[in-house]
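By convention in this document, chain letters (A, B, ...) are assigned in the order of the sequence lines, proteins followed by strands, and residues within each chain are numbered from 1.
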Amino acid sequence: MQSSTLSRAFFDREVVSVAQGLIGTVLLVDGVGGVIVETEAYDRDDPASHSFVGPTARNAPMFGPPGHAYVYRSYGVHWCLNGVSRPGSAVLIRALEPTAGIDAMKLRRSVSDLRLLCSGPGRLCQALGVSAAHNGLALDRAPFRIEAGGTTDVAAGPRIGITRAAEVPWRFGLAGSPYLSRPLR
DNA sequence: CCTGTGATCGTCT
DNA sequence: GACGATCACAGGT
């Protein structure tokens, strides 16, 4: 029996609900990945969001159809993966609990500690091999796969690494998971 | 455990 | 020309 995968309709909802709902699902890229344990929501009218300034070349996927990937480069070094929700909104995937393709992830990251494999948006993209080549691709077909999971233990807190709207509690995580990029009290 | 800092480059001013 | 939705490492507590 195959696990059900998330449909486009899942992403065509209010972005905060999507961010919360992604916690506990399984994200795979070419079969490599794990359980999503940390996300952040970014909205169209959100000063911290890349979409706040309106459509640009970089944020174009955020204004495209729901259920697609928005991948951007962070600090000139790292890649970060988002799932696009309604126009101008997206969910940043911040951390996974590694479960599939662990050897491949260790090789890509040159790290053996499971807790350091996918605990951060840049780290998980490196572990899963996500790059600009994935920008704009649909999340419900290869190489992506997101399997429905679900959890009831979602905690919230302020988002990380932003300066504007820093107090908005749109960071979500699996409470107590050792795979969070940072504790979520 | 915690804080500070350099790396590095695309994007927008 | 400035600034990041980050990471790794160094050093002090």
Any side-chain heavy-atom pair of Leu184(A) and Phe172(A) under 4.5 Å:
no
Just so I know, are the side chains of Phe11(A) and His68(A) near enough to count as touching, which here means a heavy-atom distance under 4.5 Å?
no
Of all nucleotides in DNA chain C with an atom under 4.0 Å from a non-hydrogen atom of chain A, which is the first and which the last going 5' to 3'?
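Nucleotide range with atoms under 4.0 Å of chain A: dG4(C) to dA8(C).
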Arg115(A), CZ atom: more than 12 neighbouring heavy atoms under 6.0 Å:
no
Atom CZ of Arg182(A): over 12 foreign heavy atoms under 6.0 Å
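Result for CZ/Arg182(A): open.
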Tabulate below the donor-acceptor pairs under 3.5 Å that side-chain atoms of residues 87-94 of chain A make, not counting sequence neighbours, or state none.
unit_1, atom_1, unit_2, atom_2, d
Ser89(A), OG, Arg86(A), N, 3.1
Ser89(A), OG, Arg86(A), O, 2.6
Arg94(A), NE, Glu38(A), OE2, 2.7
Arg94(A), NH2, Ser181(A), OG, 3.1

Calculate, to the nearest 0.5 Å, the distance between atoms SG and CE belonging to Cys118(A) and Met105(A) respectively.
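Interatomic distance, Cys118(A) SG to Met105(A) CE, rounded to 0.5 Å: 4.5 Å.
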Check whether NZ of the Lys or CZ of the Arg Arg141(A) lies under 6.0 Å from the centre of the six-membered ring of Phe144(A) and within 45 degrees of that ring's axis.
no
Tell me whether the guanidinium CZ or amine NZ of Arg159(A) lies under 6.0 angstrom from the six-membered ring centre of Tyr42(A) and within 45° of its axis.
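Yes, cation above the ring, under 6.0 Å and within 45°.
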Would you tell me whether Gln126(A) and Arg108(A) have side-chain atoms, one donor and one acceptor, within less than 3.5 Å of each other?
no
DNA chain B-proximal residues of residues 116-135 of chain A, any heavy atom under 4.0 Å:
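Close to the strand, none.
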Which residues share a side-chain contact (heavy atoms from CB on, under 4.5 Å) with Ala100(A), sequence neighbours left out
Leu28(A)
Given protein heavy atoms under 4.0 Å, the one-letter contact record of nucleotides 7-13 of chain B, with B base, S sugar-phosphate only and - none, is simply -BB-SS-
When hydrophobic residues are tied together by side-chain contacts of less than 4.5 Å, even through go-betweens, does Leu139(A) share a cluster with Val84(A)?
no
Report the residue (Val111(A) or Glu40(A)) whose heavy-atom-nearest nucleotide on DNA chain C is the more 5′ of the two.
Glu40(A)
Note: Asp113(A)-Lys106(A) ion pair, threshold 4.0 Å (strictly below):
no
For DNA chain C, which residues in residues 156-183 of chain A have a heavy atom at a distance below 4.0 Å?
Ile160(A), Gly161(A), Ile162(A)
Taking all non-hydrogen atoms of both residues into account, name the closest pair between Ser3(A) and Arg145(A) and its distance.
O-NH2, 3.4 Å
For dG1(C), what is the paired nucleotide under Watson-Crick or G-U wobble rules, both distances under 3.5 Å?
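dC12(B) is the nucleotide pairing with dG1(C).
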